[in-house]
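Here is the structure we will look at.
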Amino acid sequence: SAIHLPVTPSNVCKARRLYIDFKDVGWQDWIIAPQGYMANYCHGECPFPLSESLNGTNHAILQTLVHSLDPHGTPQPCCVPIRLSPISMLYYDNNDNVVLRHYQDMVVDECGC
Amino acid sequence: EEMKSQERLFLSSLGLSGRPRPAGGHQPRRRVPSALWRMFRRSENMQAQESDPCTVSEYGVRGNIIRYVQDQGRLVSGWSSSCQVCLEKQLFFNMSVLQPVELLSLAQLEIKFHWKPFRSAELLQGPRALSVSLYKVIRATLRGANPQANRRLLLSQSVRLQPEPSSITMDLTSLAESWRKPGRNYGLVLELLPLSVDPEELLPFHPGNSLPLEPALTLPLIQASLVAVSLNPHQCRSRQRR
């Protein structure tokens, strides 16, 4: 008897475009490059039944099932990054040394439930 | 305030103790070494699947941080050394910029010589050479004491001076690791002696940072930097098996 809101393709879990410009956070005075990067983010629902395209874990499949039976007691699984890639940053430190640093898990490539 | 504390939290997860404050202002910014630009561009062009951000393939070591640590040493004139016709330069690399958690994988010293002869006679005489000696300083020297007693020779070689820049590189990883301990970094001393020049022609260097106006040989511009590769284990998981 659970009431399901209709899930349209636009609000299912997927990676959304987000460009982060370092100027927006006031970091342009120490970061040399890049000026920003395509960070992206995950957003959307993980509806029942989970289709293959939503990259659901076994846990998420069971959680959506339980959620469909008890929507108030059990939340829907979350839409989270499942594949991330690194970026490199060139910057000046406090001593004016030039530093190149590689950071893992900075760009959201793929999302899943 | 909340934004600031969030920023601090985020910067610390990036391995930074706070927002870096480079000198900036009226001071000219330090140029980005071309090798760093190349590494940066290569990592940008690489596909995510094929890149391992925790290995620096250029140097063949593990690491996710590559620093060009600036030399903060000063030029010393000949009066303080036993060699009156030598040029002595202190080299000092502040290794405290590395965070305690970082594991140093490589420290490579690079000394570049740019020689621009301003007298045609120098060019006509053909390429000159310099005898280059590099010492590590093992303790501070008291005034009046012989500085040679507190040094250990690390390298001695000759460098041909040509209009094209030349360089010397040397692995200083273990020494740089010891410099990370507080109060243990006495730096290096670079001693340059012009070769194949009649000692009669050479004038002693004067105290201070100035070079004699009419040396027998136009001395090269010396640029030293220490490339330090380190790994922050919190930011580098071991690679997943396929």
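Numbers restart at 1 for each chain; the letters A, B, ... are given by sequence-line order, proteins then strands.
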Worked verdict on Asn95(A) versus Gln70(B) for side-chain contact (heavy atoms from CB on, under 4.5 Å)
CA-CA 8 Å; Asn95(A) 287 263; Gln70(B) 287 205 85; 5.9 Å; no
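- Residue contact with chain B, scored on non-hydrogen atoms closer than 4.5 Å, involves the backbone of Val25(A) exclusively.
- Across every non-hydrogen atom of Gln104(A) and Pro53(B), the tightest pair is CG-CG, 3.5 Å.
- Few gaps surround CG on Asp24(A); more than 12 heavy atoms of other groups in view lie less than 6.0 Å from it.
- Each of Ile66(B), Asn232(B), Asp52(B) was compared with His102(A) under the side chain to side chain contact (heavy atoms under 4.5 Å, CB included) criterion, and only Ile66(B) meets it.
- With a 6.0 Å radius and a threshold of 12 heavy atoms from other residues, nucleotides or ligands, Gln99(B) has its CD atom above the threshold.
- In this structure, Arg184(B) places its CZ atom where only 12 or fewer heavy-atom neighbours from other residues, nucleotides or ligands lie under 6.0 Å away.
- Using a 4.5 Å heavy-atom threshold, the side chains of Ile32(A) and Phe40(B) count as separate.
- Heavy atoms from other residues, nucleotides or ligands lying under 6.0 Å from NZ of Lys89(B) number more than 12.
- Using a distance-only test at 3.5 Å, with no hydrogens or angles considered, no donor-acceptor pair links the side chain of Asp96(A) to the main chain of Pro22(B).
- Contact annotation for Tyr37(A): neither backbone nor side-chain heavy atoms come within less than 4.5 Å of a heavy atom of chain B.
- Of the listed residues (Asn94(B), Val229(B), Leu16(B), Val56(B)), the greatest number of heavy-atom pairs within a distance under 4.5 Å of chain A belongs to Leu16(B).
- If you measure heavy-atom distances from Val97(B) to chain A, the contacts under 4.5 Å come from the side chain alone.
- Among Pro33(B), Gly15(B), Gly63(B), Cys54(B), the residue with the largest count of heavy-atom pairs under 4.5 Å with chain A is Gly15(B).
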Using a 3.5 Å cut-off and no angle test, enumerate the donor-acceptor pairs between side-chain atoms of residues 5-12 of chain B and protein atoms at least two apart in sequence or in another chain.
{"residue": "Ser5(B)", "atom": "OG", "partner": "Glu2(B)", "partner atom": "O", "Å": "3.2"}
{"residue": "Glu7(B)", "atom": "OE2", "partner": "Trp27(A)", "partner atom": "NE1", "Å": "2.8"}
{"residue": "Glu7(B)", "atom": "OE2", "partner": "Arg19(B)", "partner atom": "NE", "Å": "3.3"}
{"residue": "Glu7(B)", "atom": "OE2", "partner": "Arg19(B)", "partner atom": "NH2", "Å": "2.7"}
{"residue": "Ser12(B)", "atom": "OG", "partner": "Leu9(B)", "partner atom": "O", "Å": "3.1"}

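- When Val98(A), Ile31(A), Val99(A), Asp105(A) are compared by the number of non-hydrogen pairs under 4.5 Å with chain B, Val98(A) comes out ahead.
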